[in-house]
Amino acid sequence: MKAIPAIDRYIFRLVLGPMLAVFVVAASLLVLDKMLKLFEFVGNEGGPISVVFRMLANLMPEYASLAIPLGLMLGILMAFRKLATTSELDVMRAVGLSYTRLLRVPYAITIVLAALNLLIVGYLQPLSRYWYEQLDFELRSGALGASIKVGEFTTLQDRVALRIEQSKDNGRQLSGIFARFSSPQGQVLTISAREGQFLALKGSPDTIILRLTDGQIIQDEPGASPRVLSFSRHDLPIDLPAIQRFRERGGKEREYILPELLRIGWSDAATRQLRNETRASLNFRLVEVVMMLLLPLLAVALAVPPKRSTSPLGVFVSIVLVVAYHKVNEYGQAAGAQGRFPPELILWGPFVLFAALILWMYWRVAYVPGGQPIGALEKFFGTLGKKITSLWKRRQRKARTA
């Protein structure tokens with residue numbers, strides 16, 4: 001660490017704090033929003049609570065791919081904004097340190113995070129998305145051990161209807177049981193019992209035993225009078241429904257890793273629709289990663305406010321630009337997947353325009369004396385704020401005199 005110049009260590013500390021804070025806040029907001037929906041979904045399906053956290057863990061690569069670029073840009077922006085507002089940047093520039101020299105450490109961080117994001121969107125995110133879909137499927141199908149819902153009728157294989165009034169000890173102790181069994185021969189058993197519990201059969205995993213205590217059985221057969229039997233304990237075997245296997249990975253373009261996208265996107269054996277979808281997904285992932293290499297330039301261009309100004313307008317504009325560009329890329333991916341435009345054109349065209357805008361903004365602030373790319377915006381919003389304040393004061397004066 002001593003071999004690294006003190007100025008680089010200082011800039012690294014300035015960038016690291018806000019970057020990690022933004023990353024944690026952004027990821028937390030995304031996770032909390034999804035967590036509420038997953039708790040409701042898992043609760044309605046009767047699944048274990050632990051599956052919520054497993055599903056959230058599989059969504060983390062997707063959230064990380066969104067939070068990393070935003071955290072990187074705001075971390076660099078807040079660092080250079082602090083240098084500019086405390087006049088430290090003027091001192092550094094006066095001793096001959098250019099913006100390009102000051103961006104050495106931010107670009108080192110950017111390259112590492114861009115490589116990490118490429119790994120996430122290219123490999124981890126497709127796999128985690130597939131695992132998330134698998135958990136969703138298993139939860140809906142009951143493969144995760146979804147419990148019988150209390151107070152509702154549960155149907156098994158269209159032959160067994162079961163209702164439980166109360167469930168204790170994670171479903172091991174049941175009370176207020178009503179069941180109706182029908183056989184292919186037309187025999188119908190209507191059973192009520194005070195208590196019961198499920199028992200597993202060691203040699204038959206597809207069958208469970210419902211052990212009932214203190215109840216009655218009404219046996220109804222075609223052509224015969226119903227019979228009523230009372231029991232103190234009765235065991236009923238229940239065949240579990242067969243659980244369908246989940247599909248293989250690759251049913252959707254978002255589940256393909258980068259080498260698979262390259263192979264399918266230019267394969268003559270794939271349909272035109274599939275080629276468009278995979279090429280659009282490939283270019284979307286690549287253009288999002290490549291754009292990270294321009295974020296330090298954008299951050300610096302928006303971090304330095306005009307002289308004698310401490311307006312946070314640059315922070316707001318940077319967030320708007322990054323989010324708007326991401327939405328443009330999402331539209332480009334959808335349009336490219338539908339075949340309305342070539343995926344390469346609709347995704348890399350906006351990148352070229354946005355890159356040109358960023359390079360112009362950086363050139364203005366770094367090489368043009370007094371150049372401020374957001375100076376006009378600062379002036380506009382300053383004038384607008386003064387007019388709004390003037391109108392508000394005028395209204396208050398009229399209200400007092402009325």
Side-chain angles (χ1 to χ4, degrees), residues 27 30 34 54-70 110-141 143 243-295 322-355:
L30 292 170
K34 190 66 175 180
R54 292 169 60 188
M55 297 178 82
L56 286 174
N58 286 321
L59 289 176
M60 284 307 298
E62 182 176 345
Y63 294 156
S65 67
L66 299 174
I68 286 176
L70 189 61
T110 300
I111 292 172
V112 173
L113 292 181
L116 176 62
N117 208 21
L118 180 63
L119 176 65
I120 290 174
V121 301
Y123 295 91
L124 295 182
Q125 190 172 311
L127 296 177
S128 64
R129 171 53 65 171
Y130 172 73
W131 295 332
Y132 176 86
E133 296 286 348
Q134 187 176 25
L135 285 173
D136 181 89
F137 172 83
E138 291 176 351
L139 185 63
R140 294 178 187 274
S141 64
I243 298 174
Q244 182 182 0
R245 290 189 60 188
F246 189 54
R247 58 177 173 80
E248 297 293 330
R249 184 178 63 83
K252 302 176 182 178
E253 49 81 19
R254 61 168 56 183
E255 295 177 3
Y256 291 119
I257 61 176
L258 286 184
E260 293 170 340
L261 291 175
L262 288 168
R263 175 175 53 82
I264 298 173
W266 283 268
S267 173
D268 296 332
T271 63
R272 182 177 182 84
Q273 178 66 24
L274 182 57
R275 290 200 301 270
N276 287 336
E277 291 177 355
T278 53
R279 286 167 55 199
S281 180
L282 173 66
N283 286 279
F284 173 79
R285 299 184 201 181
L286 293 179
V287 78
E288 289 276 302
V289 174
V290 174
M291 175 50 63
M292 290 182 63
L293 300 178
L294 296 175
L295 291 182
V322 171
V323 173
Y325 177 72
H326 177 71
K327 293 300 180 182
V328 168
N329 282 342
E330 287 185 338
Y331 169 79
Q333 182 187 14
Q338 295 171 2
R340 288 185 288 164
F341 300 95
E344 294 79 9
L345 176 63
I346 195 63
L347 285 164
W348 290 99
F351 168 79
V352 172
L353 296 177
F354 196 43

Between the main-chain N or O of [Y] and the side-chain N or O of [X], is there a donor-acceptor pair closer than 3.5 Å?
X: Q273; Y: A337; result: yes
X: R285; Y: V121; result: yes
X: E260; Y: I257; result: yes

So how far is it from [X] [atom1] to [Y] [atom2], rounded to the nearest 0.5 Å?
X: S281; Y: L286; atom1: OG; atom2: CG; value: 9.0 Å
X: T271; Y: I264; atom1: OG1; atom2: CD1; value: 10.0 Å
X: L282; Y: W266; atom1: CG; atom2: CH2; value: 5.5 Å
X: L56; Y: L30; atom1: CG; atom2: CG; value: 11.0 Å
X: R254; Y: Q125; atom1: CZ; atom2: CD; value: 8.0 Å
X: L347; Y: F341; atom1: CG; atom2: CZ; value: 11.5 Å

So which atom in [X] and which in [Y] form the shortest heavy-atom distance, rounded to 0.1 Å?
X: G336; Y: A280; result: C-CB, 4.0 Å
X: P61; Y: I120; result: O-CG2, 3.3 Å
X: G339; Y: N276; result: CA-ND2, 3.7 Å
X: A67; Y: A27; result: CB-N, 4.3 Å
X: M292; Y: N117; result: SD-ND2, 3.4 Å

For this session: In sequence, state the C-alpha distance, the side-chain angles, and the governing distance for F351 and L294, and then conclude on side-chain contact (heavy atoms from CB on, under 4.5 Å).
Result: CA-CA 10 Å; F351 168 79; L294 296 175; 4.1 Å; yes
For this session: Carefully, step by step, assess E330 and F284 under the rule side-chain contact (heavy atoms from CB on, under 4.5 Å).
Result: CA-CA 8 Å; E330 287 185 338; F284 173 79; 4.1 Å; yes
State, yes or no, whether a side-chain contact exists between [X] and [Y] at a heavy-atom distance under 4.5 Å.
X: K34; Y: Y63; result: yes
X: L135; Y: W131; result: no
X: T278; Y: L262; result: no
X: L59; Y: R129; result: yes

For this session: Only pairs at least two apart or in different chains count here, so list each side chain to side chain donor-acceptor pair (under 3.5 Å) that has a residue in residues 334-347.
Result: R279-E344, Q338-R340
For this session: Tell me, please, which residues at least two apart from R275 pass side chain to side chain donor-acceptor pair (under 3.5 Å).
Result: none
Problem set entry | Partner set under side chain to side chain donor-acceptor pair (under 3.5 Å) for W348, not counting sequence neighbours | N283
Exercise. Could you go step by step and tell me if L66 and H326 meet the side-chain contact (heavy atoms from CB on, under 4.5 Å) rule?
Worked result: CA-CA 9 Å; L66 299 174; H326 177 71; 3.5 Å; yes
Exercise. Are T110 and L295 close enough, and set up right, to give a side-chain contact (heavy atoms from CB on, under 4.5 Å), and what steps lead you there?
Worked result: CA-CA 8 Å; T110 300; L295 291 182; 5.8 Å; no
